[in-house]
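Written out below as structure tokens is the structure these notes cover.
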Amino acid sequence: MIVGRRVLRLEEVPSSNDLAKRYGREGEPEGLVVVAERQTQGRGRRGREWSSPPGGLYMSILLRPEAPTPQLLRMSVFSGVPVALALEQATGLNIGLKWPNDLLVAGRKVGGILMESVTVGSKVKFVVLGIGLNVNSRRSDIGVSEATSLCEEKGCKIEIEPLLADIILRIEAFYKDFVDGRVPADEYATRSTVLQRRVEATLGQERFVGRALHIADDGALVLKSDEGLVLRLSWVNETSLRTLDEDADFEKFLD
Ligand code: BTN
């Protein structure tokens with residue numbers, strides 16, 4: 001067993017990703033899992049704050065894959081699948097995946113993944129897979145209008161310990177497959193909330209509008225822009241994506 005070889009439990013931490021990165025820099029072997037009951041400076045993608053009130057699950061996994069840096073995109077994107085499967089098992093809810101790796105229930109965000117890496121040239125020194133889940137948190141405590149929690153959606157409290165154990169087991173299996181060159185592409189596609197839909201992607205000052213065609217093997221989202229250009233989005237931590245289903249020309253666009 002690699003993942004969960006050592007599990008560090010904390011009541012409160014500024015950010016479990018930052019702590020796991022500190023261990024990574026100090027030479028900690030892979031498999032360390034840092035779990036916190038709340039975070040005071042939780043971070044999300046695009047430099048955003050990750051609201052981390054009690055009732056959530058905030059965990060960071062230190063890994064040292066022997067893979068060149070371009071492989072990290074697929075690790076980041078497809079890592080959403082083992083987490084989605086664990087949430088489905090724990091709640092019976094249908095979990096959607098919004099590229100790159102947002103976890104949704106009925107269109108609202110219940111969790112997200114922030115993968116950060118330390119690399120030297122094209123070599124990966126280590127990665128930290130940070131998973132934030134709104135499990136039993138109240139929507140009012142999360143304070144983000146488009147977010148919800150599993151408990152709010154399911155209507156009852158969810159046991160965090162078995163969920164944590166299941167995520168660790170599933171990430172372990174995912175990691176072994178990843179090292180062997182396999183990712184759960186089909187499981188991702190069936191849960192994708194954006195494929196074949198009209199989307200808007202924002203990356204810094206750039207804005208792209210088009211139809212989400214597929215997820216490439218390397219984890220990139222392939223779009224066909226309104227101008228007919230085929231684009232590959234791969235900046236997972238910097239890109240914001242939203243569906244544009246309300247647009248009047250959506251039906252026409254699908255023709
Ligand atoms: C996102 O923006 O969707 C990704 C959110 C990732 C949040 C998790 S919570 C555990 C870990 N520690 C952090 O500071 N961030 C990640």
Side-chain angles (χ1 to χ4, degrees), residues 3-4 7-25 28 32-63 72-73 75-84 86-87 95-105 107-118 126-137 139 141-150 160 163-164 167-168 171 188 191-194 201-203 219 221 233 235-243:
V3 181
V7 180
L8 211 62
R9 310 290 300 248
L10 298 151
E11 269 179 29
E12 184 179 288
V13 72
S15 156
S16 58
N17 261 30
D18 289 349
L19 187 57
K21 281 200 285 188
R22 201 168 86 204
Y23 275 90
R25 277 190 220 98
E28 172 78 18
L32 169 76
V33 182
V34 177
V35 186
E37 286 175 27
R38 53 184 188 273
Q39 300 182 115
T40 52
Q41 291 166 41
R43 294 182 291 105
R45 295 187 302 107
R46 297 189 289 126
R48 287 180 153 196
E49 179 196 344
W50 181 260
S51 173
S52 310
L57 175 55
Y58 313 105
M59 61 190 287
S60 300
I61 304 169
L62 176 71
L63 296 169
L72 296 184
L73 169 65
M75 187 182 214
S76 172
V77 170
F78 292 108
S79 65
V81 171
V83 182
L87 298 185
I95 306 292
L97 286 167
K98 176 165 159 266
W99 190 91
N101 46 29
D102 285 355
L103 297 137
L104 309 185
V105 172
R108 284 177 179 273
K109 189 157 169 171
V110 292
I113 300 176
L114 174 66
M115 200 184 94
E116 299 180 294
S117 57
V118 171
F126 63 84
V127 305
V128 167
L129 198 60
I131 303 167
L133 300 172
N134 305 332
V135 184
N136 295 316
S137 5
R139 209 185 272 174
D141 290 340
I142 303 168
V144 178
S145 58
E146 63 273 18
T148 186
S149 75
L150 295 165
I160 291 204
L163 174 61
L164 170 63
I167 291 174
I168 288 176
I171 294 279
Y188 188 104
R191 289 169 180 79
S192 170
T193 61
V194 302
T202 312
L203 177 57
L221 175 65
L233 297 180
W235 292 87
V236 286
N237 285 356
E238 293 81 10
T239 306
S240 146
L241 193 71
R242 70 184 182 103
T243 44

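Just follow the structure's listing: the first ligand is 1, and inside any ligand the first atom is 1. Starting from 1, each residue takes its place in the sequence as its number.
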- Task: Please lay out, stage by stage, how S79 and M115 fare under the test side-chain contact (heavy atoms from CB on, under 4.5 Å).
- Result: CA-CA 9 Å; S79 65; M115 200 184 94; 5.8 Å; no

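Counting heavy atoms only, Q39 comes closest to atom 12 (N) of ligand 1 of the residues R43, Q39, Q41.
Distance OH/Y58 to CG/N17: 13.5 Å, rounded to 0.5 Å.
At a 4.0 Å heavy-atom cut-off, ligand 1 does not touch N101 at all. Under 4.0 Å from ligand 1, the heavy atoms of M59 that appear belong solely to its backbone.
Ranking the protein heavy atoms by distance from atom 5 (C) of ligand 1 puts W50 CE3, 3.3 Å first. The closest protein non-hydrogen atom to atom 8 (C) of ligand 1 is G132 N, 3.6 Å. Scanning the protein heavy atoms around atom 2 (O) of ligand 1, the nearest turns out to be R45 N, 2.7 Å.
Against a heavy-atom cut-off of under 4.0 Å, S16 is close to the following atoms of ligand 1: 10 (C), 11 (C), 12 (N). Near G44, the atoms of ligand 1 lying under 4.0 angstrom from a non-hydrogen atom of the residue are 1 (C), 2 (O), 4 (C), 5 (C). The D102 neighbourhood of ligand 1 comprises atoms 3 (O), with distances under 4.0 Å to a heavy atom of that residue. Near G42, meaning under 4.0 Å from any of its heavy atoms, are these atoms of ligand 1: 14 (O). Each of the atoms 1 (C), 2 (O), 3 (O) of ligand 1 lies under 4.0 Å from some heavy atom of K109.
Between L19 and L8, some side-chain heavy-atom pair lies under the 4.5 Å cut-off. In this structure, the side chains of E37 and P54 stay at 4.5 Å or more apart for every pair of heavy atoms.
Considering L133, I131, V135, L57 in turn, L57 is the only one that fulfils the side-chain contact (heavy atoms from CB on, under 4.5 Å) rule with L164.
Within the structure, the closest approach of R46 to ligand 1 does not fall below 4.0 Å when heavy atoms are considered.
Around atom CD of E49, no more than 12 heavy atoms belonging to other residues, nucleotides or ligands sit under 6.0 Å away. Open room surrounds CZ on R48; 12 or fewer heavy atoms of other groups in view lie less than 6.0 Å from it.
When atom types are taken as modelled, the side chain of E12 and the backbone of T40 share no donor-acceptor pair closer than 3.5 angstrom.
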